[in-house]
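Note: hydrogens, waters and symmetry copies are ignored here, and every other heavy atom, side chains too, is used. Within every chain, numbering begins at 1; the chains are lettered A, B, ... in the order of the sequence lines, protein sequences first and strands thereafter.
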Amino acid sequence: MKIELNSVYNPEVPENKWYEVWEKNGFFTSSPDAQKKPFSIVIPPPNVTGALHMGHALNNTLQDVLIRWRKMRGDNTVWVPGTDHGGIATQNVVERLLAKEKKTRHDLGREKFLEYMWNWRREAGDQILRQLRKLGCGCDWTRTRFTMDDQHSRAVTAAFVELYQRHMLYRGTRLVNWCCRCDTALADIEVEHVERDGRLWHIRYPFRPDQPLPEGSSNCVVVATTRPETMLGDTAVAVHPDDPRYKDVIGKILILPLMNREIPIVADPAVDPTFGTGAVKVTPSHDQADFEIAQRHRLPHEMVIGFNARMTDRAGRYAGQSLAECRRNVVNDLTELGLMEKEDPYRHSVAVCYRCDSIIEPLESTQWFLKTTGGLAGRAAQSTRNGRVRIFPESWEKPYLQWLDHNRDWCVSRQIWWGHKIPVWYCLNCSQFTEEQLQLLAKDPGFKGETAKMILRNSSGEPIVRVQEPIVCPHCGREEIIRDPDVLDTWFSSALWPFSVFGWTGPRQRTPPPPEGTVIESKDLAPQDYYYPTSVLVTGHEILYLWVARMVMMGEELASEVPFRHVFVHGIVRDKQGKKMSKSLGNVIDPLDVIKKYGADALRFSLATSAVPGRDMQLSDENFLAARNFANKIWNASRFVLMNLEDYTPADIPLATRDLADRWIRRRCAETVGAVDELLGQYDISAAARRLYAFFWNEFCDWYIEMAKIRLQDRAHPGRRAAQQTLVETLDGVLRALHPIMPFITEELWQSFRQTTGQPVGDTVSLMTASFTGSPSAEETGDEVPRSMGFLMDLITSVRTIRSEMNVPIAKTVDMVVRFGAVNGMAESAKTLLKSHEIVIQRLAKVASIRSDETTVRPAQSASAVVGPLEIFIPVGGLIDFEKERKRIEKEIGLLETDVGRVTQRLENREFLEKAPSAEVEKTRERLLDVQSKLKRLKGHLAVLV
RNA sequence: GGGCGGUUAGCUCAGCGGCAGAGCAUUGCCCUUACAAGGCAGGGGUCAGAGGUUCGAAUCCUCUACCGCCCACCA
């Protein structure tokens with residue numbers, strides 16, 4: 001074969017070539033096959049909010065590594081791709097786009113807006129899938145799904161109705177987290193808390209004057225608050241029942257300033273007497289804790305803040321004001337009245353929306369909730385506790401369980417437009433609307449306005465929950481039915497993803513899985529039984545609760561089985577400063593830019609290397625550069641091998657006729673592949689990648705190839721065929737092991753090899769479908785081979801060090817004089833090695849001649865070293881720098897002396913001898929002898945150094 | 001207020017009971033026909049601090065300090 005490979009690796013060529021070949025040959029597709037073990041992954045569907053970011057690149061690289069690895073291991077692998085409609089996140093993106101045209105979604109109206117959304121999602125969705133291909137992801141594209149396609153929509157509706165019928169979904173009036181900007185309720189977990197500088201205002205609430213007050217008490221109660229504007233909605237003041245300061249005023253009536261409303265003082269154990277003044281204003285409609293106090297004391301609710309973030313009519317003269325305006329006015333008014341006692345700076349946490357960072361208002365509202373407490377969350381936790389869902393690394397198990405254990409019911413209804421409409425209808429007749437409400441509804445037939453929505457949301461009638469749109473009310477038979485305008489939380493929909501993608505569109509009876517190890521006979525298994533539960537879910541820890549926990553709950557409840565056996569939790573990609581990458585911070589690295597600059601394999605390799613279990617990672621150009629260099633190294637090493645295969649024919653060369661180096665590298669290769677296999681099984685992809693890097697570079701390239709050159713450069717060399725064969729085997733083995741991480745370059749090179757070595761090449765022969773563990777296999781045992789190789793490497797390094805220290809020019813060869821120590825086994829084998837590897841030493845250490853005997857006298861003007869049982873002398877003539885040589889030897893002596901000291905001390909320790917494992921003691925003894933002998937000889941060298 | 005993780009070479013990080021490692025940076029020599037995106041050889045560390053467990057601790061335990069995440073209804 002003509003060698004056309006350039007000396008600089010150009011990733012574009014294989015990247016543009018192979019993906020198409022793989023896809024065209026159907027290597028990514030999968031169908032149930034009872035003869036083969038399934039290995040299935042469903043993609044965490046990226047939101048169609050825009051392009052893929054580095055976090056996606058990481059997530060999908062890791063999945064692809066696992067998929068490709070398991071495929072090469074012979075499993076029937078499937079990786080289901082798709083995208084998520086992304087609810088609020090996506091709607092926000094599109095709304096921002098509209099804002100640039102100075103439009104809001106209300107200008108378009110619901111229908112037009114949704115049309116706009118669908119157009120957006122087509123573009124963004126396609127882009128994401130294209131990017132996954134660029135990355136090299138081996139997804140089964142025939143199964144591509146979207147969380148708002150017909151099938152998934154059917155699943156969502158079916159799930160809603162089913163859960164409603166099982167009384168797990170209910171409508172309730174609660175304090176919910178309301179984002180005034182996104183105009184919707186949010187689940188608790190969608191709220192973030194940020195520390196902000198604020199103030200703590202102390203306000204005087206006067207007693208109603210007609211009451212008898214205890215001796216010496218003041219005429220008011222002071223309450224502390226960070227939100228003075230909410231006082232307009234106060235319906236009580238609460239104190240701790242045992243607080244001596246207030247014991248006697250419990251039950252008394254206060255006059256709420258500005259509103260002149262009478263409110264009682266109630267005693268509630270939830271009040272912390274040590275905070276502030278020990279008296280708390282109670283605003284049931286706008287504070288969770290107050291809501292609960294109000295429930296216990298049957299206090300009235302005053303909703304003074306509206307869903308539009310303005311004060312409601314209940315706020316008296318403050319009605320219509322924005323929250324900030326109202327706060328200013330309330331503070332001013334109270335100050336004027338002399339009711340503001342003081343105002344302290346105060347740092348506290350503020351609730352903000354996870355999608356837009358706006359402040360969250362706790363508002364009273366009627367919403368749909370999934371009852372997760374008790375049953376659902378409990379069972380999900382149980383399945384991890386009993387090992388049916390294992391989490392890797394284990395350190396995530398505790399926080400995961402903790403979250404499930406402290407779970408609260410999940411608010412699943414959203415008031416945005418982009419999403420699955422909830423399958424709920426109301427009968428105007430049965431809903432007991434007031435005349436006034438009906439009129440308002442009539443004014444807004446599409447129920448697009450806030451008022452109409454509120455009326456519907458708060459209607460008291462029994463909702464009609466159906467898969468199919470009802471034509472008449474099932475209760476009264478009348479046709480005046482209207483659909484609830486709410487949509488579902490996007491996470492409700494994605495919680496169904498793992499079984500929806502395999503065809504689930506409603507619950508069904510499921511036969512229990514056969515016992516482990518049973519051979520399944522049936523040929524036409526339903527995909528959901530074959531691939532489900534999936535093998536592993538690969539995800540970042542930021543959506544462990546938001547998504548993973550919910551999938552487990554839904555899987556168990558609706559699909560009768562957990563959605564995955566393993567959860568592989570990886571870290572989050574951060575920038576060089578350790579900050580999370582985000583568009584607003586402007587610190588994002590675009591994966592496509594990296595691919596363009598360094599190649600997809602380099603990107604994948606650096607992501608894989610950085611994916612240390614349980615740790616977030618910082619990425620920068622340096623990582624990509626190092627990986628790019630590695631790809632180049634692979635390229636050039638392979639080029640070298642290819643260049644030496646012109647006269648190669650595959651040969652079965654028995655071990656006995658192979659060189660020490662051949663046997664060594666074959667063994668190391670097998671060990672490396674074995675280790676990589678095991679590490680991948682533990683989801684330690686980082687360690688696997690590092691292991692491959694070290695083997696390829698430091699062992700295969702730095703030593704083996706260099707040694708093999710000797711036999712290759714002489715066409716007539718008797719060892720040439722063995723060297724060629726070993727090179728081919730090793731390269732083949734390591735390319736296979738590298739393929740899951742670096743698919744493009746390995747395929748390209750592997751194909752070249754197949755061609756050069758005369759093995760079948762064609763579209764259907766691909767490294768993708770080759771076996772992970774190829775040759776060489778580990779037939780070497782014992783420590784003879786590695787020990788001999790170690791000795792040779794030490795020897796060569798020692799000579800090189802001397803040459804370098806003495807500034808011997810590279811072109812100049814040196815002579816080597818060797819003296820053997822005591823005649824023993826080690827000296828004998830060293831002698832043999834020296835003889836058999838004379839040429840190797842000569843070539844790698846640039847040595848002209850080797851003279852050796854037992855009684856050699858040190859040549860004049862020579863530098864020296866001790867290697868195992870040998871003393872070596874390198875006469876360097878005028879180049880000798882005695883000072884430098886002395887320092888070098890002294891340094892080594894120093895190191896050896898501390899070593900001798902440490903080891904001696906250990907061996908003099910009785911307890912060590914008694915308690916340490918005997919192998920350890922033996923090892924230490926040997927080491928002492930080694931080190932002592934080396935030390936003695938080096939000291940001798942120093943003494944005669946002239 | 002709880003929980004988790006981090007602190008190892010100048011930088012970024014592996015290692016997590018038995019001779020302190022890698023990449024980048026750095027010093028010297030080399031364009032040695034696979035690779036200068038490279039080769040060879042160096043220099044550089046009280047493994048945050050203090051206790052403890054152990055024959056033996058960077059590694060296990062406790063505490064402290066600083067950094068970072070996550071959870072929680074402290075007005």
Consider the side chain of A/I810, meaning its heavy atoms from C-beta on, and name the nucleotide among B/A34, B/C73, B/C30 that approaches it most closely. B/C30
d(CG, A/L749; P, B/A34) in whole Å: 17 Å
Choosing from B/C55, B/A41, B/G38, which nucleotide comes nearest the side chain of A/T797? B/A41
P-based separation of B/A9 from B/C47 [nearest Å]: 10 Å
When the ring planes of A/F630 and A/F696 are compared, do they come out parallel, tilted or perpendicular, using 30° and 60° as the limits? perpendicular
I want to check one thing: is the phosphate of B/C40, taken as OP1 and OP2, less than 4.0 Å away from some side-chain N or O of A/W703? no
Both distances below 3.5 Å, Watson-Crick or wobble geometry, any strand: find the nucleotide opposite B/C19. none
Assess whether one donor atom and one acceptor atom, taken from the side chain of A/R927 and the base of B/C19, lie less than 3.5 Å apart. yes
Any side-chain N or O of A/T609 less than 4.0 Å from the OP1 or OP2 oxygen of B/A14? no
Can you see if the side chain of A/R800 gets near the phosphate of B/A41 - specifically, an N or O under 4.0 Å from OP1 or OP2? yes
Starting at NZ of A/K923 and ending at P of B/G18, how long is that distance when rounded to a whole Å? 9 Å
Answer with base, sugar-phosphate or nothing: what part of the nucleic acid does A/Y693 contact at a heavy-atom distance below 4.0 Å? sugar-phosphate
Carefully, step by step, assess A/T283 and A/M231 under the rule side chain to side chain contact (heavy atoms under 4.5 Å, CB included). CA-CA 7 Å; A/T283 321; A/M231 70 160 291; over 6 Å; no
Of A/T277 and A/V8, whose nearest nucleotide on RNA chain B comes first from the 5' end? A/V8
Can you check the distance between B/C11 and B/G49, where both ends of the measurement are the P atom (answer in whole Å)? 16 Å
If we only count heavy atoms from C-beta on, is the A/L735 to A/I634 side-chain gap below 4.5 Å? yes
For the side chain of A/Q288 and the base of B/A72, is some donor closer than 3.5 Å to an acceptor across the two? no
Just N and O in the side chain of A/Q402: are any of them under 4.0 Å from OP1 or OP2 of B/G2? no
A/V271 vs A/N644, nearer the 5' end of RNA chain B by closest nucleotide: A/N644
Rounded to the nearest Å, what distance is computed from the CZ atom of residue A/F605 to the C1' atom of nucleotide B/A14? 13 Å
Can you tell me if A/Y400 touches the phosphate of B/C71, counting only side-chain N or O atoms and a distance under 4.0 Å to OP1 or OP2? no
Mark yes or no: A/R628 above the aromatic ring of A/Y598, with NZ or CZ under 6.0 Å from the six-membered ring centre and no more than 45 degrees from the axis. no
Lys/Arg-Asp/Glu bridge criterion (N-O < 4.0 Å) met for A/E361, A/R227: yes
Base, sugar-phosphate, or nothing for A/P917, non-hydrogen atoms under 4.0 angstrom? base
In this structure, how many angstroms lie between the C1' atom of B/A72 and the CZ atom of A/F275, rounded? 15 Å
Would you measure the distance from the P atom in B/U64 across to the matching atom in B/G1 and give it in whole Å? 13 Å
Residue pair A/Y683, A/H570: steps toward the ring pair (Phe, Tyr, Trp, His ring centres under 6.0 Å) verdict: CA-CA 9 Å; A/Y683 302 106; A/H570 62 248; over 10 Å; no
B/G3 versus B/G38 - spacing of their P atoms, nearest Å: 48 Å
Return the pairing partner of B/G1 with a 3.5 Å limit on both distances, Watson-Crick or G-U wobble; otherwise return none. B/C71
Looking at every strand, decide which applies to A/A916 at a 4.0 Å heavy-atom threshold: base, sugar-phosphate, or nothing. base
Minimum-distance nucleotide to A/R408 side chain [options: B/A75, B/C73, B/C35]: B/C73
B/G38 phosphate, OP1 or OP2, under 4.0 Å from A/R628 side-chain N/O: no
Examine A/K633 relative to A/Y9 and say whether NZ or CZ is less than 6.0 Å from the centre of the six-membered ring and inside a 45° cone about the ring axis. no
Under the 6.0 Å and 45° cation-pi test, does A/R843 pair with A/W703? no
Which part of the nucleic acid, if any, lies within contact of A/E706, taking any heavy atom under 4.0 Å across all strands shown: a base, the sugar-phosphate backbone alone, or nothing? base
Out of B/C24, B/C19, B/G44, which nucleotide sits closest to the side chain of A/E622? B/C24
Below the 4.0 Å mark, does B/G42 have OP1 or OP2 next to a side-chain nitrogen or oxygen of A/K884? no
Would you say A/R615 reaches B/A14's phosphate, i.e. side-chain N/O to OP1/OP2 under 4.0 Å? yes
Rounded to whole Å, CD1 of A/I572 lies from P of B/G6 at a distance of 16 Å
Taking atom P in both B/A57 and B/G42, compute the distance separating them and give it to the nearest angstrom. 30 Å
What pair of heavy atoms forms the shortest contact from A/V271 to A/A238, and how long is it? CG2-CB, 3.7 Å
Between B/U12 and B/G18, how far apart are the two P atoms, rounded to whole Å? 27 Å
Phosphate-side-chain proximity, A/T801 and B/G42, N/O vs OP1/OP2 below 4.0 Å: yes
Per A/N629 side chain, nearest of listed nucleotides B/G44, B/A75, B/G38: B/G38
Considering only the C1' atoms, how many Å lie between B/G52 and B/C13, rounded to the nearest integer? 29 Å
Complement of B/A25, any strand, by Watson-Crick or G-U distances under 3.5 angstrom: none
Check the pair A/W396, A/Y400 against ring pair (Phe, Tyr, Trp, His ring centres under 6.0 Å), reporting the backbone distance first and the verdict last. CA-CA 6 Å; A/W396 278 106; A/Y400 171 76; 9.8 Å; no
Name the nucleic acid region contacted by A/Y545, choosing base, sugar-phosphate or nothing; use a 4.0 angstrom heavy-atom cut-off, strictly under. sugar-phosphate
By the 4.0 Å heavy-atom rule, please label A/D287 as base, sugar-phosphate, or nothing. nothing
How many Å lie between CG on A/L692 and P on B/G23, as a whole number? 16 Å
Looking only at side-chain atoms of A/Y346, point me to the closest of B/C19, B/A34, B/A75. B/A75
Pairing partner (Watson-Crick or G-U wobble, both distances under 3.5 angstrom) of B/A48: B/U64
Just N and O in the side chain of A/K398: are any of them under 4.0 Å from OP1 or OP2 of B/C4? yes
Distance test, side-chain N/O of A/K633 to OP1/OP2 of B/A37, below 4.0 Å: no
Round to a whole Å and report the spacing from NE2 of A/H193 to P of B/G1. 17 Å
By the 4.0 Å heavy-atom rule, please label A/W201 as base, sugar-phosphate, or nothing. nothing
Options B/C24, B/A37, B/A34, nucleotide nearest the side-chain atoms of A/N632: B/A37
What does B/C31 pair with, Watson-Crick or G-U, if both distances are under 3.5 Å? none
Counting the atoms with a prime plus P, OP1 and OP2 as sugar-phosphate, which does A/D899 contact under 4.0 Å by heavy atoms, base, sugar-phosphate, or nothing? base
Between B/C40 and B/U8, how far apart are the C1' atoms? Round to whole Å, please. 28 Å
Grab the CD-C1' distance between A/E885 and B/G42 for me, whole Å please. 15 Å
